[in-house]
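The first residue in the sequence is number 1, and the count goes up from there. As a basis for the values below, the full set of heavy atoms in this structure was taken, side chains included, without hydrogen atoms, waters or symmetry mates.
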Amino acid sequence: MGIYLNPGADKFREALRSEIYVDKTGMIATLNRFLGTSQKYVCVSRPRRFGKTMAADMVAAYYDRTVDGATLFHGRAIEHAATFDRCRNCYDVLHVNMQECLSGSSSMDALLSFLKNDLLEDLAAAYPDVSVRPERSLPYHLQRVYQHTRRPFVIVIDEWDSIFREYRERKADQERYLDFLRDWLKDKSYIALCYMTGILPIKKYGTHSALNMFDEYAMTGPGPLAAYVGFTSAEVQALCAHYAMDFAAAQQWYDGYAFPSVGEIYNPRSVVAAMLRHTFGAYWNQTETFEALKIYIDLNLDGLRDAVIRLMAGERQPIEIGTFSNDMTTFHTRDDVLTLLIHLGYLAYDVEHAAAYIPNKELMIEFANATSAGGWDEVTRAIQGSKALLEATWRMDADAVAAGIAAAHMETSHLTYNDENALAYTISLAYYAAREMYTFLRELPTGKGFADLVFLPRPNRPEIPALLVELKWNQDARTAIKQIHEKKYPAVLKDYGGKLLLIGISYDRKTKKHMCEITRI
């Protein structure tokens, strides 16, 4: 057992001993399919505190030939896979955490030199019959060991992208690092599997796209590894039942990341903290302040500010993710910034519609903090006025609601404001406070059209009314109420047993006035 070579299973055993351990060993069955094939290069990128390191420790423990995996993985999901015994503990594992290597190095030269020398020391101790020649490369020695043992390596690299996060402006060092990885990993017969984790996908560097042999499984497309990005709904339901916590509240706080193959995915760090503390709150952001988010949204590149306001209003923002350079400094368009925020975990990605969105309350709080601290006065005032607007709606004070919407419009008047869609953005942001108590739905199908906006009370707020909002552009608010009745929009809520307010809101482009009508069912 060495520092990097076959390090054992102590770290994974720590995870197994934790009060909350959610079994993700099923992922290993997918990796077993990739062993020794052209798909043996796997790069998994996820946000901070989404279980990357635990997964890397698990992978290393499963393949490490010095570990008793039959005992370690007994009763876990992977035990039922057909490949469990065939692939288990049959390999020499090299397990490297690049963040730890970087923390102990003063330069890129020092990092690469220390890493090479430490790996060679481990190889020399494990294989004294294979001579170590320091002047020769790391790949040379790995190939010699492989020729001696005919046992290929499983290489696990955790936090592979830490160099790009710590050395953001040091392009030459980044290129040298990529060259080192390419020489170590690319087209090597001594590798059975290479599993890398990080926050960022692999850096695009033109001719230095040195790691193009990797298949990437990122937040924008995790493929067969989607179920292992975070906790699934079923896993969170089980935890809520065990800890007597409200699953609906857990959904509100931490749900929202979603992939077509598995549905909703929850932030694992936050769910665990909420269960252990028996209190829902913003836990994920305790690992990194909102200043990190503020830096990027304050760039206001290519209309980014408007896009952020729409996101905070509950909209999904169409984006093109293909231009992102996979670093933290190269931005050509607002979509590049939004794509980075997806990889950092501040936004979720709708794969089907190629759109970004704010997934849950925990992240909405982050955006509210970042914008209020960043001089986004229009957003701050709209949020501050939203509680009064909601209370005026409950009182059925149509004039106060119209005035509140008008105020919100003044704050967001730099947005294109020439159709019902733009009016919906303004109203959604104006009702920011409603998200605490309501589930918000846009264009809900009713059978005879689409209701523009619907606010459904959350299960823990049965005393407040549901809100059904119809918008009209250059028409009167009474027309909106009339359409609600004519098209029988309330029928879509026939199973809802509480109070319902019908709200018609209109904007007259000539007079620049908002009008409102409210009735109760």
Answer yes or no: is there an ion pair linking [X] with [Y], defined by an N-O contact shorter than 4.0 Å?
{"X": "D161", "Y": "K203", "answer": "no"}
{"X": "K361", "Y": "E436", "answer": "yes"}
{"X": "K52", "Y": "D158", "answer": "no"}
{"X": "K116", "Y": "E121", "answer": "no"}
{"X": "D10", "Y": "R13", "answer": "yes"}

With a 3.5 Å distance limit and no angle check, can you tell me whether R435 reaches the backbone of A313 through a side-chain donor-acceptor pair?
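Yes, because the side chain of R435 sits within donor-acceptor range (under 3.5 Å) of the backbone of A313.
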Distance-only, no hydrogens or angles: does the E216 side chain make a donor-acceptor pair with backbone N or O of I202 under 3.5 Å?
yes
Single hit among N89, N32, T25 for side-chain hydrogen bond (donor to acceptor under 3.5 Å, both in side chains) with Y62
N32
Examine [X] together with [Y] and report whether their ring centres are nearer than 6.0 Å.
{"X": "F214", "Y": "W160", "result": "no"}
{"X": "Y357", "Y": "Y257", "result": "no"}
{"X": "F73", "Y": "F12", "result": "yes"}

Consider only side-chain N and O atoms of [X] and [Y], and report whether a donor and an acceptor are under 3.5 Å apart.
{"X": "R133", "Y": "Y140", "answer": "yes"}
{"X": "T333", "Y": "D302", "answer": "no"}
{"X": "D68", "Y": "T71", "answer": "yes"}
{"X": "N6", "Y": "D92", "answer": "yes"}
{"X": "Y243", "Y": "E19", "answer": "yes"}
{"X": "N212", "Y": "K186", "answer": "yes"}

In terms of heavy-atom contacts, does OH of Y21 have more than 12 from other residues, nucleotides or ligands at under 6.0 Å?
yes
For the OH atom of Y41 and the CD1 atom of I155, what is their distance to the nearest 0.5 Å?
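Here the interatomic distance stands at 8.0 Å.
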